[in-house]
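Since we're looking at a predicted model, the values are computed, not measured. By convention in this document, chain letters (A, B, ...) are assigned in the order of the sequence lines, proteins followed by strands, and residues within each chain are numbered from 1. The figures here come from the full heavy-atom set of this structure, side chains too, leaving out hydrogens, waters and symmetry mates.
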Amino acid sequence: MPRHIHVSVAWPYANGDLHVGHLAGAYLPADIFARYHRLKGDRVLMVSGSDSHGTPITIEADRRGVSARSIFEHYHERFLLTQQKIGISYDLFTHTDTENHHRIAQDFFLLLLERGYLYKETQQLLYSERERRFLPDRYVEGECYICHYPEARGDQCDNCGNLLEAIKLINPHSKNYPDDLLVVREAEHYFIDLSKFTPDLLAYIDSHAHHWRPNVTAFSRNFINEGLRGRPITRDIDWGIPVPLEGWDDKRLYVWFEAVMGYFTASVEWAKNTGQPDAWKDWWYNPEARIYNFIGKDNIPFHTVIWPAELMGVSGIYNEGSDTPINLPYDVPANEFMNIEGKQFSKSRNWAIWLPDILERYQADAIRYYVAMTFPERADSDFSWEGFLSRVNGELVAAWGNLVNRMLSFAYKRFDGRVPEPGALTDADVEIINRVELGFDEVGKLIEQVKLREALQAAMALVREANGYLDRRAPWKTIKEDPEDAARSVYTILRVIDNLKILLAPFLPHSAQELHSYLGYDGQLFGDLTIAEYHESERSHKALVYDGSKAIGRWEPSNLPQGQALREPKALFIKLEPEIVERERAYLGAPRDEQPIRV
RNA sequence: GGUGAUGUAGCUCAGCUGGUUAGAGCGACGCACUCAUAAUGCGUAGGUCAUUGGUUCAAGUCCAAUCAUCACCA
């Protein structure tokens with residue numbers, strides 16, 4: 001029975017390129033998980049998209065003197081290309097400025113309002129008379145009221161590190177126009193009354209605590225027990241989703257409130273795009289379906305508290321005539337942070353490894369391998385170029401790539417380009433095949449528990465066992481005195497490699513496909529990842545979409561046909577030069593010019 | 001200041017609900033092999049499990065304190 005698995009992936013702010021932190025925190029774990037379930041035959045819906053609203057976008061737009069729309073469209077486009085290249089297999093990667101997302105977010109708002117989860121309150125906010133608008137905290141500077149540092153930001157003081165309330169700053173002024181002194185004005189806003197959800201949220205967390213990561217459970221309980229307060233869900237800005245009420249034309253929905261809805265809205269969009277408008281309900285209103293949210297640890301409360309509260313508040317939406325409750329996240333496998341060469345990522349200091357850059361120089365699967373082996377699943381981890389070099393050369397190339405290369409070329413040259421016909425296998429042959437076939441359960445179980453690093457380690461342990469088997473059987477020796485025995489061991493190792501190909505495919509989809517073809521198979525293990533354009537009534541948008549209709553890969557033991565014609569093999573992976581370590585380190589912290597992404 | 005986490009072989013890390021001689025990979029050293037991108041295999045060395053105290057027949061594994069590192073919150 002195929003299971004329904006929803007893979008919800010954090011939505012990146014479209015104000016800068018993707019970096020390895022994004023990959024390690026959410027996108028690669030989600031992709032590995034999704035690919036595994038597709039191989040298992042489960043029905044996977046994996047969605048995400050660019051977060052196009054919020055002050056990070058407008059600030060970047062102001063800095064460059066362009067519109068918010070052009071900033072997010074620019075990075076959205078780069079997100080599509082980058083993720084297509086590295087192979088993040090979204091069924092739909094869209095963005096939050098679609099008419100679909102706007103409409104549904106407004107429906108959420110109206111339903112929450114109707115059901116009494118929202119209330120109005122007057123806030124005191126800083127207002128610029130020169131610009132005739134309220135300024136978000138990030139646009140405000142002033143003297144810190146704690147340490148009296150003169151250029152504190154509206155949300156935090158860079159000098160003493162304290163979080164600040166913009167309204168308390170001494171002599172607050174606009175960041176853009178330092179002589180523009182701000183005044184305090186009152187404005188009315190809607191708030192969501194999170195406290196109403198407290199008992200249900202605690203019950204929700206309790207019911208999942210046994211299978212969640214301990215830090216996710218602990219953090220979420222803590223967050224709730226500190227007391228849930230109402231949070232404003234509207235703001236005085238002009239970039240964002242309009243508040244669907246008369247007289248609220250100059251306000252927008254707060255980005256934190258609407259962006260998480262993307263998991264839902266993108267599911268609806270996917271269903272519509274694929275011509276099956278109700279199909280999204282198979283994940284959202286199906287009690288058997290499981291929703292997994294792949295996020296970084298900074299996002300935990302939004303996914304274990306705020307998003308579930310919003311869902312509880314709108315339960316039943318678009319599903320009239322049924323009392324099935326809407327599905328809440330089944331698991332939120334949040335990753336910690338990945339540091340770079342021992343230091344925390346910093347966009348402003350360019351202490352970052354940008355994906356479009358490294359995809360120019362390294363194979364996608366090499367990057368995927370190292371990052372997956374270094375996933376910050378339990379604690380912060382570190383991306384080091386020395387580690388990259390050592391793992392790629394020592395493990396990916398030397399252990400796995402070389403196992404494939406040495407035996408495929410041996411079989412190709414010495415067995416007439418065909419899978420040998422072995423006759424009866426020896427005990428040693430049967431043993432290694434059995435051992436590797438057990439890997440389907442072993443590795444699969446770990447992936448289902450989202451222990452991806454351990455899963456990859458388990459698969460690589462089998463690679464080492466295969467190398468050990470090969471040395472003991474030594475077909476390059478036996479082919480001289482006992483060719484039939486050589487045929488047995490070569491057939492066996494090819495079958496072992498065929499199995500390992502599938503075990504590694506969620507992690508290394510590109511090279512697995514290449515190997516699939518060298519083994520003489522036709523067809524593709526996974527579907528196609530393409531960039532499509534969708535038109536709505538007024539706007540159109542591009543999206544990354546996965547089409548699995550041609551995929552034939554299955555998470556099951558190899559049935560390698562004897563006598564199958566092999567294709568001439570080439571090395572799967574490029575061995576790295578030691579010099580890259582110094583060269584790459586030199587890029588860190590240095591100014592960087594954005595380059596076009598080559599496909 | 002509060003909360004949470006981490007501290008195990010030179011390096012990167014496993015060690016679940018406490019129970020025989022503390023494990024893996026890399027690196028080092030020795031041997032074997034030559035099919036392979038000088039790749040692979042086998043073997044050896046190597047740790048008073050941060051410190052101190054406690055609970056227990058028994059603690060790397062539980063409790064407390066201390067030190068160090070980190071993150072989040074105030």
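Checked for salt-bridge contact, A/Arg391 and A/Glu395 meet the test: a charged N lies under 4.0 Å from a carboxylate O. Using a 4.0 Å cut-off between charged side-chain N and carboxylate O, A/Arg495 and A/Asp429 make no salt bridge. In this structure, A/Arg585 pairs ionically with A/Glu582, as a charged nitrogen and a carboxylate oxygen lie closer than 4.0 Å. A/Arg35 has a carboxylate O that lies under 4.0 Å from a charged side-chain N of A/Asp31, or vice versa, which qualifies the two as a salt bridge. Contact check on A/Arg567 versus A/Glu514 returns no salt bridge, with no Lys/Arg side-chain nitrogen under 4.0 Å from an Asp/Glu carboxylate oxygen.
Between the P atoms of B/rA14 and B/rC62, the separation comes to 15 Å (whole Å). To the nearest whole angstrom, the two C1' atoms, one in B/rC57 and one in B/rU3, are 37 Å apart. Between B/rA9 and B/rG15, the two P atoms lie 15 Å apart (nearest whole Å). A distance of about 14 Å separates the C1' atoms of B/rC13 and B/rC49, rounded to the whole Å. Taking atom P in both B/rC16 and B/rC63, one finds a spacing of 13 Å when rounded to whole Å. Separation of the C1' atoms belonging to B/rA65 and B/rU55 is 15 Å when rounded to the nearest angstrom. Remark: the separation of the C1' atoms in B/rG43 and B/rU6 is 35 Å, to the nearest Å. Between B/rA58 and B/rG19, the distance separating the two C1' atoms is 6 Å to the nearest Å.
Summarising the geometry, atom CG belonging to A/Leu311 is positioned 12.5 Å from atom CD1 belonging to A/Ile306; distances are rounded to the nearest 0.5 Å. Here A/Lys297 contributes atom NZ and A/Phe337 contributes atom CZ; the two are 5.0 Å apart, rounded to the nearest 0.5 Å.
Between A/Glu395 and A/Asn222, the residue anchored nearer the 5' end of RNA chain B, judged by the nucleotide with its closest heavy atom, is A/Asn222.
For A/Asn339 and B/rU69, the CG to P distance is 16 Å, given to the nearest whole Å. Taking atom NZ of A/Lys343 as the reference point, atom C1' of B/rA71 lies 18 Å away to the nearest angstrom. Atom CD in A/Glu377 sits about 16 Å away from atom C1' in B/rG15, given to the nearest Å. Between A/Tyr518 atom OH and B/rA36 atom P there is a gap of 16 Å when expressed in whole angstrom units. Summarising the geometry, the separation between CZ on A/Phe223 and P on B/rA71 is reported as 20 Å, rounded to the nearest angstrom. A/Gln457 places its CD atom 13 Å from the C1' atom of B/rG23, with the value rounded to the nearest Å. Distance A/Tyr412 OH to B/rA36 C1': 17 Å, rounded to the nearest Å. If you take CZ of A/Arg213 and P of B/rA5, they are 16 Å apart, rounded to a whole angstrom.
Proximity of the aromatic rings of A/Trp385 and A/Tyr362 is defined here by a centroid distance below 6.0 angstrom, and this criterion is met. Proximity of the aromatic rings of A/Trp212 and A/Tyr204 is defined here by a centroid distance below 6.0 angstrom, and this criterion is met. Taking the six-membered ring wherever Trp is involved, the centroid distance between the rings of A/His19 and A/Phe383 does not fall below 6.0 Å.
Using a 5.5 Å limit on the distance between ring centres and a 30° limit on the angle between planes, the aromatic ring of A/Phe410 does not count as stacked on the six-membered base ring of B/rC35.
Scanning both residues, A/Phe573 and A/Leu508, for their nearest heavy atoms gives CZ-CD1, 4.4 Å.
For B/rG46, the base adopts the syn conformation, since its glycosidic angle falls within 90 degrees of zero.
Heavy atoms from other residues, nucleotides or ligands lying under 6.0 Å from CG of A/Asn225 number more than 12.
Checked against B/rA71, B/rA36, B/rG25, the side chain of A/Gln344 finds its nearest nucleotide in B/rA71.
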- Query: Just by protein heavy atoms under 4.0 Å, how would nucleotides 37-47 of chain B read 5' to 3' in B, S and -?
  - Reply: B-SBS------
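The side chain of A/Arg391 places no N or O atom within less than 4.0 Å of a non-bridging phosphate oxygen (OP1 or OP2) of B/rC13.
RNA chain B is contacted by A/Arg453 of residues 431-454 of chain A, taking any non-hydrogen atom closer than 4.0 Å.
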- Query: So what does the secondary structure string of RNA chain B come out as, 5' to 3', with Watson-Crick or wobble pairs under 3.5 angstrom, [ ] for crossing and | for pairs with another strand?
  - Reply: (((((((..((((.....[...)))).(((((.......))))).....(((((..]....)))))))))))).
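Among the heavy atoms of the strands lying under 4.0 Å from A/Met407 is at least one base atom, whether or not backbone atoms are also near.
Using modelled atom types, one finds a donor on one side chain and an acceptor on the other under 3.5 Å when comparing A/Arg406 with A/Asn467.
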